[in-house]
Amino acid sequence: MAHCCDTPGLMPIELAMKKIWQTILPLTEQETVSLTQLVGRVLAQDICALIDVPGYDNSAMDGYALRAEDVAQFGTLRQIGKSFAGTPFLGTVTPGQCVRIMTGACIPTGADAVVMQENTEAKNDAISVLFPVKVGEAIRRRGEDIRMGEKVLAKGHKISPADIGLLASVGVSQANVFRAPKVAIFSTGDELRQPHETLPEGCIYDSNRYALQALLTQAGMQVLDLGVIADNPNKIRNAFLHGDENADVVITSGGVSVGEADFTREILEELGQIDFWKLAIKPGKPLAFGRLPNSYFFGLPGNPVSSMVTFHQIALPALFWLSGKASPIQRLRLKAKALAPFKKRPGRTDFQRGTYTQDPQGNLTVKPLTNQGSGVLSSITKGNCYVVLENELNQVKEGEYVTIEVFDEYFRAN
Ligand code: AMP
Ligand code: MG
């Protein structure tokens, strides 16, 4: 692999993504998982309905099942029985008759419509229908939602909570899914301490590993947490080897920027084929990606915002690709009017953080978070969107329109 940072200029994010896609082969191993454990997993098979949904013609209302043509012909209809959900009426409705019916109950033989209770008057078993009724009224037809044998979910689909309901409704109690990728993570840096420890002068808390752990768990990955590794070549080598032997992907934070990264780079070059990239994005310029003997490697920048943004924009889509997910993540991008100027220099795509607001007419406005520093994590936690300022853009003036990308469930609090 070429060392892209040796070439002048910065690599556009699209090119980096393309190279990642060309390198990563999706996992193929499968396992059978029961319905209650399927959420977030990626299907390794198409799922076809085992039954029609609904499985039988049934009532959409509480009321009376009848023959529509009888309503005009007879003053009152005679109730001859009841049809409840789970307990159908087994007889036949003949002219002048009706059956008391509840929502979801089977339409009795002979009936072709349901009148809702509110449009009737009942005196013992004599039922007056107050308005005309059309054939088919308030009847949910067998198979109108899903036909038996129809494909309801495709291979490569990532299963959502709503999909779990759908699978249950068509009688599916388990499915073959791809094995979830296992991701080893570690932080590098002698300055890093854990949140329960006291903080000596010159040290900081290791926030990246905790954020990464949470992001990966939310994405349905298995996490192998290797902790903090000191800036020591042997310890770093051992951590890489351990991660490589036990996981599909190794993700580190810190130590990939020029200068300090020297032995990390040396070790990676010794162990695998790694590219060190200078990406044309801000924050997050330095990123390392490549292959170790048994795994893929992402080296995220140490600065917390850079680390989260490069993970979210680059590593996460790649992990989904590895997991067998067929369609790429689609994030909502919209145009919003800037309520303040945005500082920007051409040459990189900025993923600034902002707060958008929508007025009652639906118009979108956006304000930048005041501190856009790559160490200022609160710019993600206080914001609700990226403000994506395209490569060639210069300063944005107040009142101009910018592209926002609404934070998805990985960055959003609700
Ligand atoms: P580095 O890439 O190692 O030079 O780190 C760049 C900046 O990110 C430095 O200010 C580091 O202290 C900080 N940093 C590195 N790793 C972490 C981490 N795990 N959590 C929080 N900050 C970090
Ligand atoms: Mg460091």
Side-chain angles (χ1 to χ4, degrees), residues 34-36 38-39 46-154 157 159-175 358-363 409 414:
S34 64
L35 185 61
T36 53
L38 273 177
V39 75
D46 290 341
I47 300 283
C48 297
L50 301 176
I51 54 162
D52 284 333
V53 179
Y56 47 89
D57 291 357
N58 69 90
S59 178
M61 303 272 187
D62 292 334
Y64 297 89
L66 42 70
R67 294 155 31 96
E69 68 185 62
D70 290 359
V71 173
Q73 207 177 330
F74 296 84
T76 58
L77 300 175
R78 197 165 66 81
Q79 183 186 322
I80 55 161
K82 294 180 178 175
S83 182
F84 289 98
T87 314
F89 175 75
L90 298 175
T92 300
V93 177
T94 57
Q97 296 181 331
C98 67
V99 163
R100 179 86 174 107
I101 195 164
M102 302 301 156
T103 305
C106 261
I107 304 296
T109 312
D112 59 16
V114 170
V115 58
M116 64 176 182
Q117 190 169 308
E118 293 82 343
N119 290 350
T120 62
E121 273 169 16
K123 252 193 209 137
N124 299 323
D125 64 352
I127 312 300
S128 310
V129 180
L130 306 178
F131 303 102
V133 178
K134 284 196 224 91
V135 171
E137 197 166 307
I139 293 181
R140 303 189 287 214
R141 292 288 176 201
R142 174 178 185 154
E144 77 178 18
D145 182 9
I146 298 163
R147 285 269 172 213
M148 188 166 96
E150 186 181 320
K151 192 200 287 184
V152 291
L153 293 174
H157 179 81
I159 296 173
S160 73
D163 294 330
I164 296 288
L166 180 76
L167 290 171
S169 77
V170 297
V172 173
S173 63
Q174 59 179 39
Q358 191 166 36
D359 71 14
Q361 285 71 45
N363 301 308
E409 66 273 26
N414 61 353

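Please read all numbers here as calculations on a predicted model, not as lab measurements.
Here Ser169 contributes atom OG and Ile146 contributes atom CD1; the two are 5.0 Å apart, rounded to the nearest 0.5 Å. Leu153 CG to Asp163 CG: the interatomic distance, rounded to the nearest 0.5 Å, is 4.5 Å. Rounding to the nearest 0.5 Å places CG of Asp52 at 6.5 Å from CE of Met148. Taken to the nearest 0.5 Å, the CG atom of Leu50 stands 8.5 Å off from the OG atom of Ser173.
A pairwise comparison of heavy atoms in Val172 and Gln174 identifies CG1-O, 3.2 Å as the closest pair. The minimum heavy-atom distance between Phe74 and Pro95, with the atom names listed, is CZ-C, 4.0 Å.
Evaluation of the side-chain hydrogen bond (donor to acceptor under 3.5 Å, both in side chains) rule for Thr92 yields no partner, not counting sequence neighbours. With sequence neighbours excluded, the residues that form a side chain to side chain contact (heavy atoms under 4.5 Å, CB included) with Ala154 are Asp46, Lys151. Scanning for side-chain hydrogen bond (donor to acceptor under 3.5 Å, both in side chains) contacts around Thr76 gives an empty result, with sequence neighbours left out. Under the side chain to side chain contact (heavy atoms under 4.5 Å, CB included) criterion, Ser34 pairs with Thr36, Gln37, sequence neighbours left out. Residues satisfying the side chain to side chain contact (heavy atoms under 4.5 Å, CB included) test with Ile164, not counting sequence neighbours, are Leu35, Leu38, Val39, Ile159. In terms of the side chain to side chain contact (heavy atoms under 4.5 Å, CB included) criterion, residue partners of Glu144 (sequence neighbours excluded) are, by chain and number, Pro54, Arg140, Arg141.
The salt bridge (Lys or Arg N to Asp or Glu O under 4.0 Å) contacts involving residues 70-97 comprise Arg67-Asp70, where partners must be two or more places apart or lie in separate chains.
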Considering only distance and modelled atom types, tabulate donor-acceptor pairs under 3.5 Å from the side chains of residues 116-133, sequence neighbours left out.
| from | atom 1 | to | atom 2 | distance (Å) |
| --- | --- | --- | --- | --- |
| Gln117 | OE1 | Arg100 | NH1 | 3.1 |
| Gln117 | OE1 | Arg100 | NH2 | 2.8 |
| Thr120 | OG1 | Gln117 | O | 2.6 |

Quick one: side chains of residues 102-115, donor-acceptor pairs under 3.5 Å with protein atoms, not counting sequence neighbours, listed by atom name and distance.
| from | atom 1 | to | atom 2 | distance (Å) |
| --- | --- | --- | --- | --- |
| Thr103 | OG1 | Asp62 | N | 3.4 |
| Thr103 | OG1 | Asp62 | OD1 | 3.1 |
| Asp112 | OD1 | Ala68 | N | 2.7 |

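Without hydrogens or angle criteria, Asp359 side chain to Gly362 main chain gives a donor-acceptor distance under 3.5 Å.
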Evaluation steps, side-chain contact (heavy atoms from CB on, under 4.5 Å), between Ile101 and Phe89: CA-CA 9 Å; Ile101 195 164; Phe89 175 75; over 6 Å; no
